[in-house]
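Here is the structure we will look at.
Remember, it's a predicted structure, so these values are computed and weren't measured experimentally. Here, residue 1 is the first one in the sequence, and each next residue gets the next number.
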Amino acid sequence: MTTKPSSKSQLANLKKIFEFELNQIKFDTKVESFGQIEAVYDGVVWIKGLSDALMGEILELPQKTYALALNLEEDRIGGIVVGRYQHLKEGDVVKKTGNVLSIGVGDQILGRVINSLAQPKDGLPAFPATKQMPLEKIAPGVIYRKSVNTPLQTGIMAVDAMIPIGRGQRELIIGDRSTGKTSVALTTMINQKNSDVINVYVAIGQKEANVAWIIETLKKYGVMDKTVIIDASASESSTMQYLAPYTGIAVAEYFLDQGKDVLIVYDDLSKHAVAYREISLLLRRPSGREAYPGDVFYLHSRLLERACRINAKYGGGSITALPIIETQEGDVSAYIPTNVISITDGQIYLETDLFNAGVRPAINVGISVSRVGGSAQIKAMKQVAGRMKIEMAQYRELEAFAQFSSDLDEATQRIIDRGKRLTEVLKQHWAEPLPVVDQIILIWAVTHGVFDDMEIEEIGKVSRQWLDWFKVNKKKAVKVLVEENKIVEAVDKELNKAKEEFRLILNDKS
């Protein structure tokens, strides 16, 4: 006789069956947030909805267009369109992506010209991207950093001797229009030809003709193959000009992560601040001093703080930043110049009067400073250039005073005479960077009286003759100087001996 199963056991069996079947089902759910365009004009888009959007988040617009969220207001979002915006219209759907703006970077980016989105601008095929680098990133903390004590040789005597730049430093180049600011940066880039430093040049609001000339110049001097150029020219939108420096530092950080040394030039941050001001005003942000928004200091501080030197434990490497700022009528106390001066580790000030007087580079030694100082010099340079900056600053002060007085005491006349000779030796064409050993030989000569008996006008020519003669006739001393990186007793004897021999040769010629 069979018994019927109880209703409880049946329910238990059914429960197990249902639980088993439910466990086999895989739910692929995806939650997406959507909004709508409320208004779009001049590269700015206003979006209603998307209450959960984040600051700096990428928002997807129609036709694979993207916007960067910058204003998070109570009932809408304000953003800037990255790229073209003419096809967008009111009512278009906007989607949250949950991502921050990043670019694809790879080793083959070297030698290329790209825009602010890392897209090629040189007519060549796109390079393979091996890593995504965020444009915005928190700068490395103190734990990761190392003190700046390794020189970044610029090849410019006036800089390497008196305003030395170290790897990982941020040195501002500042001056009026057409005083040689780009030339100083370009010479420094050219001087890296035989070093292990990678160049990144960011052109912000420059004429396309100027950028093309820089590219051709770098090719001519054989450094383009270790250079990346980010071009956000004057014809580009304010958004692209605003993003360009962050693209540049993202590229630099890609190589920094590999333990490499990078030099990045921002040409120039004045135009970058103007582009940001334009964006901010379009986004209806309150304007402050000179119509700049209140966070314009943070704009550049968060950018320049990413330049650093990393200690060996975390991979080594460095990013050295040379930001450029254009002043109006030499006004270094204006808003943007004072902001960037306070962020950087020193400044190279180029003066219009010196430039017009034929001094190249037109560096005002009194205002220029490097807060790293002798730590970024080899010992031999410190030995020969110790009092050089003070002597040049004294000369500039006394030179102006001497114009109003014909009766000068002997000490003052001696300072002025030495200053004139130093100025002539330091004159240098932008396309002729000098190795540090050559600089040391030249500076030793002028500070030890090799050119004291000749006319001021002849010093520039004769100083180069001295350099060539010394390198040919004192090869052993040059070799020791290169190996030791300091003036040892044997080298000092050879220099003093060479001084007498060279002056005899000059006397015979005269």
Side-chain angles (χ1 to χ4, degrees), residues 30-103 116-117 134-139 204-205 232 236-247 249-250 269 271-306 335-336 339 343:
K30 186 177 181 182
V31 178
E32 291 186 332
S33 296
F34 293 91
Q36 279 187 318
I37 293 179
E38 187 180 74
V40 57
Y41 53 85
D42 297 329
V44 168
V45 60
W46 290 99
I47 302 159
K48 58 185 177 182
L50 295 182
S51 58
D52 54 344
L54 304 175
M55 178 72 175
E57 184 178 352
I58 292 296
L59 306 175
E60 188 178 332
L61 307 174
Q63 298 184 28
K64 293 186 177 180
T65 307
Y66 297 92
L68 185 66
L70 290 182
N71 275 29
L72 302 182
E73 299 183 2
E74 188 175 352
D75 56 350
R76 63 177 184 170
I77 293 171
I80 51 174
V81 182
V82 181
R84 63 186 186 89
Y85 63 90
Q86 289 79 2
H87 62 286
L88 301 175
K89 61 185 183 300
E90 184 181 341
D92 282 347
V93 175
V94 183
K95 188 170 73 173
K96 229 173 81 76
T97 65
N99 298 321
V100 295
L101 190 59
S102 61
I103 58 168
S116 301
L117 301 177
L135 265 63
E136 293 278 6
K137 183 181 176 184
I138 297 174
I204 312 162
E236 300 259 11
S237 67
S238 297
T239 301
M240 299 298 269
Q241 292 182 41
Y242 161 67
L243 293 175
Y246 300 104
T247 302
I249 195 67
L269 290 187
K271 293 183 177 69
H272 182 233
V274 169
Y276 186 63
R277 177 172 63 184
E278 183 178 330
I279 289 169
S280 297
L281 292 174
L282 287 169
L283 287 169
R284 316 281 174 128
R285 291 182 173 180
S287 57
R289 180 177 166 186
E290 296 178 30
Y292 287 104
D295 64 338
V296 74
F297 180 89
Y298 182 56
L299 174 79
H300 290 149
S301 64
R302 73 179 191 265
L303 171 72
L304 294 171
E305 280 296 327
R306 290 162 73 177
Y335 189 31
I336 300 302
N339 277 353
I343 296 165

Pairwise distance [atom1]([X]) to [atom2]([Y]) - rounded to 0.5 angstrom:
X	Y	atom1	atom2	result
Arg277	Leu299	CZ	CG	12.0 Å
Ile80	Tyr66	CD1	OH	16.0 Å
Asn99	Ile58	CG	CD1	8.0 Å
Leu72	Leu54	CG	CG	7.5 Å

For Ser116, side-chain contact (heavy atoms from CB on, under 4.5 Å) partners two or more places apart: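 Checked Ser116 against side-chain contact (heavy atoms from CB on, under 4.5 Å); matches are Ala232, Met240, Leu243, Ala244, Thr247.
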message: List the residues meeting side-chain contact (heavy atoms from CB on, under 4.5 Å) with Asp75, not counting sequence neighbours, and say none if there are none.
response: none
Looking only at heavy atoms, which two atoms of [X] and [Y] are closest? And how far apart?
X	Y	result
Ile77	Gly49	CD1-O, 4.0 Å
Ser287	Ala291	CB-O, 3.6 Å
Pro62	Asp92	CG-CB, 3.6 Å

Donor-acceptor pairs are to be reported for all side-chain atoms of residues 40-48 against protein atoms at under 3.5 Å, with residues two or more places apart or in another chain.
residue : atom : partner : partner atom : Å
Tyr41   : OH   : Trp46   : NE1          : 3.0
Tyr41   : OH   : Leu282  : O            : 3.3

message: Among residues at least two apart in sequence or on other chains, which ones pass salt bridge (charged side-chain N to carboxylate O under 4.0 Å, His left out) with Glu136?
response: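 Applying salt bridge (charged side-chain N to carboxylate O under 4.0 Å, His left out) to Glu136 gives Arg302.
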field: Qualifying side-chain hydrogen bond (donor to acceptor under 3.5 Å, both in side chains) pairs, either residue in residues 288-297, two or more places apart
entry: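 Output for this query lists Tyr276-Asp295.
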task: Please work out whether the ring planes of His272 and His300 are parallel, tilted or perpendicular, with thresholds of 30° and 60°.
output: tilted
- request: For atom OH of Tyr298, decide whether the heavy atoms of other residues, nucleotides or ligands shown that lie under 6.0 angstrom number more than 12.
  value: no
task: Please identify each residue that fulfils side-chain hydrogen bond (donor to acceptor under 3.5 Å, both in side chains) with Thr239, with sequence neighbours left out.
output: none
